[in-house]
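Beneath this line is the structure, given in structure tokens, with notes to follow.
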There are 2 protein chains.
Amino acid sequence: MTEHSQTRWLDDREQRIWRTFMSASIELQAHLDRQLRVDAGMPVAYYEILVMLSEAPGRSLRMSRLAELCNSSRSRLSHAVAAMEKSGWVSRCAIEGDRRGAVAKLTDAGYEVLRQAAPGHVTEVRETLFEALTEEQVQVLGEIGAALKARLKERGCSRYGRGDTC
Amino acid sequence: MTEHSQTRWLDDREQRIWRTFMSASIELQAHLDRQLRVDAGMPVAYYEILVMLSEAPGRSLRMSRLAELCNSSRSRLSHAVAAMEKSGWVSRCAIEGDRRGAVAKLTDAGYEVLRQAAPGHVTEVRETLFEALTEEQVQVLGEIGAALKARLKERGCSRYGRGDTC
DNA sequence: AACAAGTAGTTGAGCTCTCAACACGGAAGC
DNA sequence: GCTTCCGTGTTGAGAGCTCAACTACTTGTT
């Protein structure tokens, strides 16, 4: 793609940085997803759900809150929890005071599965991310993440917001 | 998850950085994907394929080479090209000298679709990524991307390599 | 009280991705 | 020449995701 309007294109350096970053983060996600599928039989998205539940008081959270914490649409979470309910890792029940609501609760079996899966996953994160970077890079990575999230939040929902969450 | 073995867990700071980074990059990808679906009727993965083809000599590439360039498995690429062939954006034909091979070629219609899609996508990348970061952060981001890719390459295919590409 | 508007969660259809299996041609050994 | 192994690309099944539509409940307005 070349110039043909008032669009401000990316120069070579920007393009290189952009592509490198995207491909690295996609590969990293794919790598971690594969590791969890092989070793724990679940995609990384499900792992995140289990983690959030395990850290919550009573090991349970309202669906909408859980969706926020997992960067998930309500719909995706609903499907995911339904699948994990079938596996016996999570159970759903009604909430008091709001008859629309539902809470997801981590079962003992789910906790056990998570306990088995966690060491391998954390080790993989450490070895592929933290050990690959210098201390300064790690620091800046945190700042970059925060800046990007802030940026997306501020302008995100206006034009291309998730039909579900926004 | 708490301690219970010799696993070296992430401390609070590492955990915060890790989650912020992952959630930012997932949200960014989702944002760009939605933008392209809405404005150009294609997922970002398809857009990448069209871009790679458009930059190649003869606007065509061998499937396996195209898969590398797009960080895609052969299988995924095959499905994607099949779908885009139906849309008339890409055509496939045999390659000379190796009767196993196949080349994908960007059609004129495909080029036109890409030409329409590119400005919106690039603008979105600029506004959500480059304009959100300082010059120094952009620089470091490039270095981080390169370091992660190198790390994944060096150890990736050994244990959790893609069954297809590796 | 009644109605409109907003919120919570689910569902089904269609799409994309992953994985494993397959078909087939090329390259290397003997 | 034959066999064995590797590389290339496709296919089908099944899993997971997105989107839009829908139900059911709550909140705000008049």
Side-chain angles (χ1 to χ4, degrees), chain A residues 26-27 29-38 40-49 61-68 70-87 90 92-104 157 160-166, chain B residues 26-27 29-39 41-49 61-68 70-87 90 92-104 157 160-166:
Chain A
I26 287 173
E27 281 178 38
Q29 283 173 235
H31 180 79
L32 295 172
D33 194 60
R34 237 171 291 125
Q35 185 267 325
L36 275 171
R37 282 177 195 271
V38 169
M42 74 180 88
V44 71
Y46 288 18
Y47 178 86
E48 295 295 342
I49 293 171
L61 281 169
R62 195 168 173 156
M63 293 294 283
S64 55
R65 177 64 185 145
L66 184 52
E68 282 174 36
C70 297
N71 294 306
S72 173
S73 68
R74 286 189 225 288
S75 172
R76 170 158 63 148
L77 181 66
S78 194
H79 285 296
V81 168
M84 288 196 284
E85 199 171 27
K86 265 192 188 163
S87 306
V90 165
R92 270 185 292 197
C93 57
I95 193 176
E96 301 176 38
D98 187 343
R99 286 192 300 180
R100 296 168 302 182
V103 291
C157 291
Y160 301 111
R162 192 153 44 193
D164 201 300
T165 304
C166 299
Chain B
I26 287 173
E27 281 177 38
Q29 284 172 235
H31 180 79
L32 295 172
D33 194 61
R34 237 171 290 124
Q35 184 268 323
L36 275 171
R37 281 177 196 271
V38 170
D39 291 348
M42 74 180 87
V44 71
Y46 287 19
Y47 178 86
E48 296 295 341
I49 293 172
L61 282 169
R62 195 169 173 154
M63 293 293 283
S64 54
R65 177 64 184 144
L66 185 52
E68 282 175 35
C70 298
N71 295 304
S72 173
S73 69
R74 287 191 229 289
S75 172
R76 171 158 64 149
L77 181 66
S78 195
H79 285 295
V81 168
M84 288 196 284
E85 200 170 27
K86 267 193 188 164
S87 306
V90 164
R92 270 185 292 196
C93 57
I95 192 175
E96 302 176 38
D98 188 342
R99 285 192 300 180
R100 295 168 302 182
V103 290
C157 291
Y160 301 110
R162 192 153 44 193
D164 200 299
T165 303
C166 297

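Here is the naming used below: chain letters follow the sequence lines, and residue numbers restart at 1 for every chain.
Taking 3.5 Å as the limit, the base of C:dT7 and the side chain of A:R100 contain a donor-acceptor pair of atoms between them. Below the 3.5 angstrom threshold, one finds a donor paired with an acceptor across the side chain of A:S75 and the base of C:dT11. Taking 3.5 Å as the limit, the base of D:dG12 and the side chain of B:H79 contain a donor-acceptor pair of atoms between them.
Side-chain atoms of A:D33 come within 3.5 Å of backbone N or O of A:V44 as a donor-acceptor pair.
Between B:Y46 and C:dT16 there is a side-chain polar atom (N or O) within less than 4.0 angstrom of OP1 or OP2. For D:dA15, the OP1/OP2 oxygens have no side-chain nitrogen or oxygen of A:R37 closer than 4.0 Å.
B:R65 comes within 4.0 angstrom of no nucleic acid atom, judged by non-hydrogen atoms across all strands. Using a 4.0 Å heavy-atom distance criterion, B:S64 is classed as a sugar-phosphate-only contact.
Summary of the strand contacts: B:D33 and B:R92 both lie near DNA chain D, and taking for each the nucleotide with the nearest heavy atom, the more 5' one is attributed to B:R92. Nearest-nucleotide positions on DNA chain C place A:D98 closer to the 5' end than the other of A:A82 and A:D98. Between B:V38 and A:M42, the residue whose closest nucleotide on DNA chain D is further toward the 5' end is A:M42.
Counting to the nearest Å, the P atom of D:dT11 and the CG atom of B:L77 are 13 Å from each other. Remark: P of C:dA13 and CZ of A:R76 are 22 Å apart, rounded to the nearest angstrom. One interatomic measurement links the two molecules: NE2 of A:H31 to C1' of C:dT18, which rounds to 16 Å at whole-angstrom precision. For the pair B:E96 CD and C:dG26 C1', the computed distance is 17 Å after rounding to whole Å. Across the protein-nucleic acid pair, A:R99 atom CZ and C:dA8 atom C1' stand 14 Å apart, rounded to whole Å. Nucleotide D:dC17 holds its P atom 14 Å from the CD atom of B:Q29, rounded to whole Å. Summarising the geometry, the separation between NZ on A:K86 and P on C:dT11 is reported as 11 Å, rounded to the nearest angstrom. Distance A:E68 CD to C:dT7 P: 12 Å, rounded to the nearest Å.
Contact annotation: the side chain of B:R74 never approaches that of B:M63 to less than 4.5 Å [non-hydrogen atoms, C-beta and beyond]. Looking only at side-chain heavy atoms (C-beta outward), A:L77 and A:I49 come within less than 4.5 Å of each other. Residues B:R62 and B:I95 are in side-chain contact: their nearest non-hydrogen atoms beyond the backbone lie under 4.5 Å apart. Annotation: side chain of B:N71 is in contact with side chain of A:E27 (closest heavy-atom distance under 4.5 Å).
For A:R62, counting side-chain heavy atoms from C-beta on, the closest listed nucleotide (D:dT8, C:dC19, C:dG9) is C:dG9. Closest to the side chain of A:A45, out of C:dT16, D:dC17, D:dG9, is D:dC17.
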